Each structure stands twice: as structure tokens, then as C-alpha cells.
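These figures come from a predicted structure and were not determined experimentally. All residue numbers refer to positions in the sequence shown, counting from 1.
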Amino acid sequence: MATRLLRTNFIRRPYRFSALKPVGPPTVTASTAVVPDILSFGQQEPEPPLHHPKPNEAHHDIDLSDQARLFSSMPTSVLLRSTAVLHAAAIGPMVDVGSWVMSSKLMDTALTRGMVLGLVKSTFYDHFCAGEDAAAAAERVRSVYEASGLKGMLVYGVEHADDAATCDENMQHFLRTIEAAKSLHTSHFSSVVVKITAICPISLLKRVSDLLRWEYKSQNFKLSWKLRSFPVFSDSSPLYHTNSEPEPLTAEEERELEAAHVRIQEICRKCQESNVPLLVDAEDTILQPAIDYMAYSSAIIFNTDKDRPIVYNTIQAYLKDAGERLHLAVQEAEKECVPMGFKLVRGAYMSSEARLADSLGHKSPIHDTIQSTHACYNDCMTFLMEKASNGSGFGVVLATHNADSGGLASKKASELNIDKKNGKIEFAQLYGMSDALSFGLKRAGFNVSKYMPYGPVETAIPYLLRRAYENRGMMATGANDRQLMRMELKRRLIAGIA
């Protein structure tokens, strides 16, 4: 990520971890600053040569070879804009220039700011975001489903909160998101998404994570405020963030934590009453223990329907301890007879995680190679699909832009005789990305959703820039998608002339 995104008089900067130092020496520098994840689907990898898949190379029963069928539901005007936006997003200098403009004095002048925002809204914003408010987002979900059969995952695109008042305000936005989802036909949407970083102050999440790590390190260290939860660490989990015993939470911090629990539980309760699944997004390892803790403690309370979980937690397969932590959480959930939902992603914090670990004298918690990440993702995917197929009440969202993983999942679903339409297993991709895979999976009979953030253009710009920076490598590997789009545009042009 760039260290500067937007001028502070235009929109609040994303949080930085330079003020959130690990407990004990050594000191973390500002170079470890990162921006929180929204939905991380793919670890970056080198760009492959352009390749157009042939029919006999289809990923099991997912056929990505026929661009006319894949993009049949996409109007030419939308296809043309999508092709242009994705090509622009794959150009590194274009991303750098966009970031510079957003951080420059051009944003101080009403005229130029309006022109820039207007350009962003008509291009990148409309491509990657669902609308400026919950009603507009719900309408976009409805139109996408009616055109393509793809469902929507609705999320209010706020990044984080620093104080109680902002947390309360964000909670109201999330509640309105649930109301918007509730207004839709159940076939049109799959879930809503919440970011714990938006309803609990970042500094408190850091403190709670430190204390949870120290409790795991020291058997005699007890946390009086801790609620029932599932394991958030394994023997291979990174614990280097906390090098000495943290100070206990102050009375004020305990009140803030209780308020955060009230917020997430209010959101969960609304989802339970509305029968709307809730996906808890993941962050980086300096905060993730607290997020896992709050997600699992909420699941224990609200996942009471033995056939369908309400609360889903996110597992990031690019972490070396992902498989172990997943198995431990599932084992405990089964022991407690709690149906559990999981969203499986790869991850998007490669650089920042490596820098933080190196500054503390440790190896990165992320797999050393992209192949290892793929293997971990596929192993976790297989494990979760097996659990979901045996009637245990587990739910699985396979969030991936990787066609090979999609093909393997399709093959595994056939082997396990999984009902593709019962909602226990579904796929997800970011709105505006990997449409060929989404359409291919949909044509293969799976439930497929698009992760659709919404919010005012000003608040969405950090999300858009982060999508560009974090997925620059993935955008490059999306060359086949862009090639399919170009081929379909060419086919339509020729058909129109003939």
C-alpha cells in the first residue's frame, strides 16, 4: 500500500500501525503500516503468458472457454467499460498516478475535486462499488441478479473506527445494510459483511490481541473479561507481536470492549431475526486474534439453528497456521455442538506482514511460495466441504479468483454428492473482478455471489486504491479474463457489421 492515500482535509486517512507498537522490544517502524482488508481473494503471483483456455481444458465442469456464453448477460456498454477499467487497473503507473492525484493539492480545490470525483465515480467506482447508500446498493444487487443470476454480498464500505461515537455510527450503517438485504428476495442475496475494525476501536483490538497472545503463551495468565470462544491460536501461530506481559485492560478499556461486544451482538441479533447470514471480515495478524475471538464468541451465542449458521468467520489460507487453527476451531465447534460458518480466502497482506515480522527478527507468517498458499487453500477447502456435506450444519463460502480452486471444488462437490443449491457451499468474487469465473461457476450450477461494497464516493476511494495496490499482481494474472472480454467485444463488433 502507498503510505499516503488522501489528503486529510478531504477524507480521513486509513489507520496506521506506527502508533500501535508491539508490546515490548523491538520497536516497529512506520514502514509496517498497512490498511485493513476488505475481502482478500488472491495472493499475488507473477504474470503468466496470455492463454485462452480450450474446451478440453475446462476446469472439470466449469467451462471458461466460451466467452459468448460467459458474457451473454452483460450488455455491450458494460462489457466495454469493464474491459477498459480492468486494463487500466492492471497498469502499475496508472495506479501510482491515481494515488498521487488523490494525495495532491488538486483535492483542495472544489472544482478539480469535483472533476476527479466525477471521473472516479463514472469509471472505477461504478465498476467496483454497488452505490452510495443501502437503497442504491440493494437495487444494484437486484439488477445484477436479474441480469446474471449472481447473488450479492452487501457491505458498508467503512474502513475503521477510532472512537466510540464513530463505532456507534458505523453500527447503524451495518444495521441499515441488514434492512436493505432483508428487503430483497432471498434468492437475490447471500449475506451481509461486517468489519470488526469499524465497530471496535483499532487501538483496543490491538490491546485485546496482545492479551490473548500472552494468555496463550502463559498458562497462569488469566483474562477475567474473556467470553467463551473457540481457539484463535495454534502451536505454529505468530506470537512475536507480543514480547512481554501486557498491562491489563483499564476499567475504561473493559467498558469499551463490552460496548464493542454489544455492537457486534446487536448486528448478529438483527441478522438472526432477519435470517441473513453475517460474514466477519479478516484483517492482518496484529489484530486478527481479537477479531477471531469476537467472531467465535458471537457464533456461540447466535448460531443456534443446527442446519444453518448465521455467523461466519474468515480463514486466510496464506498464513502458515491457517490449517491448524481451522481444524482446532472446527473441533471445538463440534464439541460444543455449534454449527459454524467459514469464509475461506487466500490473503492480501504479503508485504506488510513480511516487513513487520522482519522488523521483529522473525520469519513472515505467510507461506513462502504461492504454491504453498494454493495447497493450503485447497486443503482447507476440501476439509470444509467434507464437513458441510455430512449434515453437521457447517456453511462454507469459497472466496476465490483462482479457476483451479474453483475446478477442484466443483470436482469435490460431485464426489461428495453435495447439493449445489442448498446454501451450504457457495462461491464469491469481488464485484467487478473475475466475472468469467463467476459466470462459469454459476453455469455449473453453484450459488455464486459478488462482494458488493457501497458508500459515498469519498469513503469508497480508499477501498478502490487498496483494491488496485493489493491486487496489482492479481490484476496482471487476470490477463485471461481481459482477453476473453476483448474476444467477446470483437465477436459482437463483427456480428454487428456482418
Side-chain angles (χ1 to χ4, degrees), residues 41-42 47-53 63-98 101 115-132 136-137 139-152 401 403 429-443 448-454 457 460-461 463-465 467-468 471-498:
F41 288 119
E47 180 175 1
L50 273 182
H51 171 65
H52 178 50
D63 185 1
L64 305 182
S65 64
D66 187 342
Q67 78 277 359
R69 285 200 309 165
L70 288 173
F71 297 108
S72 61
S73 64
M74 187 176 287
T76 300
S77 59
V78 176
L79 183 62
L80 182 62
R81 186 195 67 189
S82 298
T83 304
V85 169
L86 290 176
H87 273 77
I91 301 172
M94 181 79 74
V95 176
D96 295 332
V97 169
V101 169
M115 292 174 60
V116 170
L117 290 181
L119 177 62
V120 169
K121 185 178 188 305
S122 63
T123 53
F124 291 90
Y125 177 89
D126 282 345
H127 182 78
F128 290 110
C129 298
E132 296 200 52
E139 182 56 37
R140 181 70 64 91
V141 169
R142 185 180 293 108
S143 65
V144 167
Y145 180 83
E146 291 175 350
S148 64
L150 300 178
K151 297 184 176 185
H401 292 153
Q429 289 81 42
L430 290 166
Y431 183 57
M433 293 177 65
S434 296
D435 285 341
L437 178 59
S438 299
F439 295 145
L441 288 164
K442 174 62 181 175
R443 292 186 67 87
V448 184
S449 297
K450 286 295 192 177
Y451 181 97
M452 302 175 74
Y454 75 89
V457 179
I461 285 176
Y463 168 76
L464 295 174
L465 288 174
R467 284 273 69 78
N471 293 292
R472 186 183 295 186
M474 190 182 70
M475 286 291 194
T477 61
N480 283 337
D481 242 28
R482 298 194 301 275
Q483 185 186 38
L484 287 170
M485 288 181 169
R486 290 197 305 271
M487 291 177 66
E488 175 59 9
L489 284 171
K490 181 179 179 180
R491 186 197 66 80
R492 294 184 187 185
L493 177 62
I494 293 173
I497 295 175

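Across every non-hydrogen atom of Cys129 and Tyr431, the tightest pair is O-CE2, 3.4 Å. Gly152 approaches Met452 most closely through the heavy-atom pair CA-SD, 3.8 Å.
Annotation: side chain to side chain contact (heavy atoms under 4.5 Å, CB included) contacts of Ala137 (sequence neighbours excluded): Ala130, Leu154, Tyr454. Qualifying salt bridge (charged side-chain N to carboxylate O under 4.0 Å, His left out) partners for Glu488, counting only residues two or more places apart in sequence or in other chains: Arg491, Arg492. Residues that satisfy the side-chain hydrogen bond (donor to acceptor under 3.5 Å, both in side chains) test with Lys151, not counting sequence neighbours, are absent from this structure. The side chain to side chain contact (heavy atoms under 4.5 Å, CB included) search around Ser72 returns none, not counting sequence neighbours. Every residue was checked against the side-chain hydrogen bond (donor to acceptor under 3.5 Å, both in side chains) condition with Tyr125, not counting sequence neighbours, and none meets it. The side-chain hydrogen bond (donor to acceptor under 3.5 Å, both in side chains) check on Glu146 picks up nothing, with sequence neighbours excluded. Annotation: ring pair (Phe, Tyr, Trp, His ring centres under 6.0 Å) contacts of Phe124 (sequence neighbours excluded): none.
The stretch residues 69-78 participates, sequence neighbours left out, in these salt bridge (Lys or Arg N to Asp or Glu O under 4.0 Å) pairs: Asp63-Arg69, Asp66-Arg69.
Formation of a donor-acceptor pair under 3.5 Å by the His87 side chain with backbone atoms of Thr83 is found in this model. Ser148 places no side-chain N or O within 3.5 Å of a backbone atom of Tyr145 that could act as its donor or acceptor partner. When atom types are taken as modelled, the side chain of His401 and the backbone of Leu430 share a donor-acceptor pair closer than 3.5 angstrom.
Two residues are said to be in side-chain contact when any heavy atoms from C-beta on lie closer than 4.5 Å; Met485 and Asp435 meet this criterion. Looking only at side-chain heavy atoms (C-beta outward), Val120 and Val116 come within less than 4.5 Å of each other.
Looking at Lys450 and Ser438, their side chains do bring a donor and an acceptor atom within 3.5 Å of each other.
The structure places CD of Gln483 at 9.5 Å from CD of Gln67, a figure rounded to the nearest 0.5 Å. Taking OG from Ser434 and CZ from Phe439, the interatomic distance works out to 11.0 Å, rounded to the nearest 0.5 Å. Within the model, atoms CG of Leu64 and CG of Leu484 stand 7.5 Å from one another, a figure rounded to the nearest 0.5 Å. The CG atom of Leu70 sits 11.0 Å away from atom CE of Met487, with the distance rounded to the nearest 0.5 Å.
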**OP:** Starting from the C-alpha separation in whole Å, work towards a yes-or-no answer on side chain to side chain contact (heavy atoms under 4.5 Å, CB included) for Arg81 and Thr123.
**Re:** CA-CA 7 Å; Arg81 186 195 67 189; Thr123 53; 5.8 Å; no
**OP:** Would you please test Gln429 and Leu150 for side chain to side chain contact (heavy atoms under 4.5 Å, CB included) and show each step?
**Re:** CA-CA 10 Å; Gln429 289 81 42; Leu150 300 178; over 6 Å; no
